[in-house]
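A quick write-up on the structure given underneath.
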Amino acid sequence: MSTAAAPVRQLDAPTVAELRRAAEELLAEFGTSATSPRLLARVREVADGFGEDLRHQCRPVDTADGLFVLRGLDVDDAAIGPTPPGWANAGDGGAVHDLALLLLATVMGNPIAWEGQQDGRFVHNIVPSPGHEGEQTGASSSVLLSPHTEDAFHPGRAHLLMLGCMRNHDHVATTAASVRRTRLTDADVDVLTRPVVPILPDDAYAEAQGYADQAPPPVPALFATEDGMTLRFDPAYTPLEEADEAYRSAYGRLSDELARVSVAVSLSPGEVLVVDNDLVVHGRVPFRARYDGTDRWLKRASVRVPGRRTRPDAEAGEHGYGQSALEAHAN
């Protein structure tokens, strides 16, 4: 795994001040970062008024890396309080940062939330949680979080994933690998662009895992667009035993290639990693959680980009295991 630096976009001091002031004014007006229709409407109004520098730094991913780090925001380690022992305990911890991330997400597209995840919040708290150390979810710690597409099981998954760092004393790295850095044979691409096996809901979606109204739909792992290859990938929740040997072999070579081109991004407080969820799989290295209020703490936002065509048309017919996404700024 490479430790090569990710592309960086540096916000200047006036832009950071503009964003911070807007988030503080929203928090003063609404008293919480828990979203409501009124708050979301106000977020959209405020985001529409931001200056050109912020908009330029929030432009789409424009390299084959499929990601960038937005740098320059400030986080006061003492002011944010202890790292919560679980997302359900976070409440309005770091509320002004929730709102800053929601504003940035709105500049980039349309933030989404899931009814069945973290009480439908648009900004999630990603922290290690006791009893979840070995899971393949953001609450884990002691295991490698396998590289995956965010919410790969669902056709309405985000186009962009945003991870804002609140605390990372142990320099825990997020891993990322772009399909456009891989080298695959035409034969492997041909196999993997066929819908052969499904991707099942992960452990963060208990209700979806019990969905039995319709059979899981097979989906392609790769999809060729006019701009290049995209992927939909989550090996921890893909029943590869249902595929033939040729498919399993090609899938294994894709996994190996993603591992070869993977980079490690260790975020510092105030940095926001923006990942193109159609190009890049992400994960996390193992670490030892202390549960003493000093553990790694990230904020996560998911964004759809209206009008973007980077996925097969057939996805529109998928049932999504009964899960539906809430749109912050539904038309």
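Only a predicted model underlies this, so the values are computations on that prediction, with no experimental measurement involved.
- Both Met162 and Val16 are part of a single hydrophobic cluster, where members link through side-chain heavy atoms under 4.5 Å apart.
- The CG atom of Leu104 lies 5.0 Å from the SG atom of Cys58; values are rounded to the nearest 0.5 Å.
- Across all non-hydrogen atoms, the minimal contact from Gly109 to Pro306 is CA-CD, 4.4 Å.
- Considering only residues two or more places apart in sequence or on other chains, Asp256 meets the side chain to side chain contact (heavy atoms under 4.5 Å, CB included) condition with none of them.
- For the pair Leu40 and Leu102, the minimum side-chain heavy-atom distance is below 4.5 Å.
- A salt bridge does not link Arg180 with Asp65: none of the charged nitrogens is closer than 4.0 Å to a carboxylate oxygen.
- Legend: side-chain hydrogen bond (donor to acceptor under 3.5 Å, both in side chains) pairs involving residues 88-100, not counting sequence neighbours, sorted by first then second residue: Thr32-Asp92, Ser33-Asp92, Ser33-Asp98, Asp98-Lys299.
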I would like to know whether Asp77 and Arg167 meet salt bridge (Lys or Arg N to Asp or Glu O under 4.0 Å); could you show each step before the answer? CA-CA 7 Å; Asp77 190 72; Arg167 176 174 289 130; 2.8 Å; yes

N/O donor-acceptor pairs under 3.5 Å from side chains in residues 206-217, not counting sequence neighbours:
unit_1	atom_1	unit_2	atom_2	d
Gln209	NE2	Pro201	O	3.3
Gln209	NE2	Asp202	O	3.2
Gln209	NE2	Asp203	OD1	3.0

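- The minimum heavy-atom distance between Ala158 and Arg304, with the atom names listed, is CA-CG, 4.4 Å.
- Leu19 and Leu160 end up in the same hydrophobic cluster when Ile, Leu, Val, Met, Phe, Trp and Tyr side chains are linked at under 4.5 Å.
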Would you sort out whether Val143 and Glu135 count as a side chain to side chain contact (heavy atoms under 4.5 Å, CB included), showing the intermediate values? CA-CA 8 Å; Val143 296; Glu135 295 180 353; over 6 Å; no

Assess the residue pair Phe153 and Gln323 against the criterion (side chain to side chain contact (heavy atoms under 4.5 Å, CB included)); give the C-alpha distance rounded to whole Å, side-chain angles, the decisive distance to 0.1 Å, and a yes or no. CA-CA 10 Å; Phe153 75 95; Gln323 300 298 295; 4.1 Å; yes

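- Looking at residues two or more places apart in sequence or on another chain, you find no ring pair (Phe, Tyr, Trp, His ring centres under 6.0 Å) involving His124.
- Distance check: Arg308 CZ to Thr230 OG1 gives 8.5 Å after rounding to the nearest 0.5 Å.
- Side-chain heavy atoms closer than 4.5 Å link hydrophobic residues (I, L, V, M, F, W, Y) into clusters, and following such links, even through other members, never connects Phe223 to Val196.
- Ser249 and Arg253 share no donor-acceptor pair across their side chains, judged by distance under 3.5 Å alone.
- The distance from the CG atom of Leu222 to the CG atom of Asp190 is 10.5 Å, given to the nearest 0.5 Å.
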Salt bridge (Lys or Arg N to Asp or Glu O under 4.0 Å) between Glu18 and Arg21, worked out: CA-CA 5 Å; Glu18 177 186 28; Arg21 183 168 56 251; 5.9 Å; no

Would His132 and Ser140 count as a side chain to side chain contact (heavy atoms under 4.5 Å, CB included) if you check the C-alpha gap in whole Å, the side-chain angles of each, and the deciding distance to 0.1 Å? CA-CA 5 Å; His132 299 271; Ser140 69; 5.7 Å; no

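- In this structure, Pro235 and Pro147 approach most closely via the heavy-atom pair CD-O, 3.5 Å.
- Once rounded to the nearest 0.5 Å, the distance linking CZ of Arg121 with CG of Asn125 reads 7.5 Å.
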Evaluate the criterion side chain to side chain contact (heavy atoms under 4.5 Å, CB included) for residue pair Leu39 and Leu99; output intermediate values, then yes/no. CA-CA 10 Å; Leu39 172 57; Leu99 293 167; 4.1 Å; yes

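- When side chains are defined from C-beta on, Thr174 counts as touching Leu163, because their heavy atoms get closer than 4.5 Å.
- How far CD of Gln57 is from CZ of Arg71: 12.0 Å, rounded to the nearest 0.5 Å.
- When the side-chain hydrogen bond (donor to acceptor under 3.5 Å, both in side chains) test is applied to Ser268, no partner is found at least two apart in sequence or on another chain.
- Summarising the local packing, CZ of Arg288 is surrounded by 12 or fewer heavy atoms from other residues, nucleotides or ligands at distances under 6.0 Å.
- When all heavy atoms of Thr238 and Pro198 are compared, the closest pair comes out as CG2-O, 3.7 Å.
- Using a 4.5 Å cut-off on side-chain heavy atoms (C-beta onward), Arg183 and Arg260 make contact.
- Glu245 has a carboxylate O that lies under 4.0 Å from a charged side-chain N of Arg248, or vice versa, which qualifies the two as a salt bridge.
- Taking the ring pair (Phe, Tyr, Trp, His ring centres under 6.0 Å) definition, one finds that Phe122 meets it with nothing, sequence neighbours left out.
- The residues Asp278 and Arg311 are annotated as salt-bridged, a charged nitrogen and a carboxylate oxygen being separated by less than 4.0 angstrom.
- Through chains of ILVMFWY side-chain contacts below 4.5 Å, Met166 is grouped with Val75, Ile80, Val127, Trp297.
- The shortest distance between side-chain heavy atoms of Arg157 and Ile112 does not fall below 4.5 Å.
- Under the side-chain hydrogen bond (donor to acceptor under 3.5 Å, both in side chains) criterion, His154 pairs with no residue at all, not counting sequence neighbours.
- Under a hydrophobic-cluster definition in which Ile, Leu, Val, Met, Phe, Trp and Tyr are linked whenever side-chain heavy atoms come within less than 4.5 Å, directly or via other members, Val303 and Val107 are assigned to the same cluster.
- Contact check for Tyr251 versus Val191: no side-chain heavy atoms found under the 4.5 Å cut-off.
- Connection of Val179 to Val263 is not established within any shared hydrophobic cluster, with ILVMFWY side chains joined at heavy-atom distances below 4.5 Å, either directly or through further cluster members.
- By the side chain to side chain contact (heavy atoms under 4.5 Å, CB included) test, Val46 is found to be paired with Ala22, Leu26, Arg42, Phe50, Leu103, residues two or more places apart in sequence or in another chain being considered.
- Applying the salt bridge (charged side-chain N to carboxylate O under 4.0 Å, His left out) rule to pairs touching residues 216-234 yields Arg232-Glu315, Arg232-Glu318, sequence neighbours excluded.
- When every heavy atom of His329 is checked against every heavy atom of Pro111, the shortest pair comes out as CD2-CD, 3.6 Å.
- Counting heavy atoms from C-beta on, the side chains of Phe68 and Val275 never come closer than 4.5 Å.
- Interatomic distance, CD1 of Ile199 versus OH of Tyr237, reported as 12.5 Å (0.5 Å rounding).
- For Thr149, the side-chain hydrogen bond (donor to acceptor under 3.5 Å, both in side chains) test picks out no residue, with sequence neighbours left out.
- Side-chain contact check for His282 and Thr175: no donor-acceptor pair (N or O, by modelled atom type) lies under 3.5 Å.
- Among all heavy-atom pairs drawn from Tyr291 and Glu133, the shortest one is OH-OE2, 2.7 Å.
- Between Arg300 and Glu150, at least one side-chain nitrogen of the basic residue sits less than 4.0 Å from a carboxylate oxygen of the acidic one, meeting the salt-bridge criterion.
- Under 4.0 Å is where a charged nitrogen must lie from a carboxylate oxygen, and between Arg20 and Glu24 at least one such pair does.
- Counting only heavy atoms from C-beta outward, the side chains of Val69 and Pro7 never approach each other to under 4.5 Å.
- Residues that satisfy the side-chain hydrogen bond (donor to acceptor under 3.5 Å, both in side chains) test with Thr225, not counting sequence neighbours, are absent from this structure.
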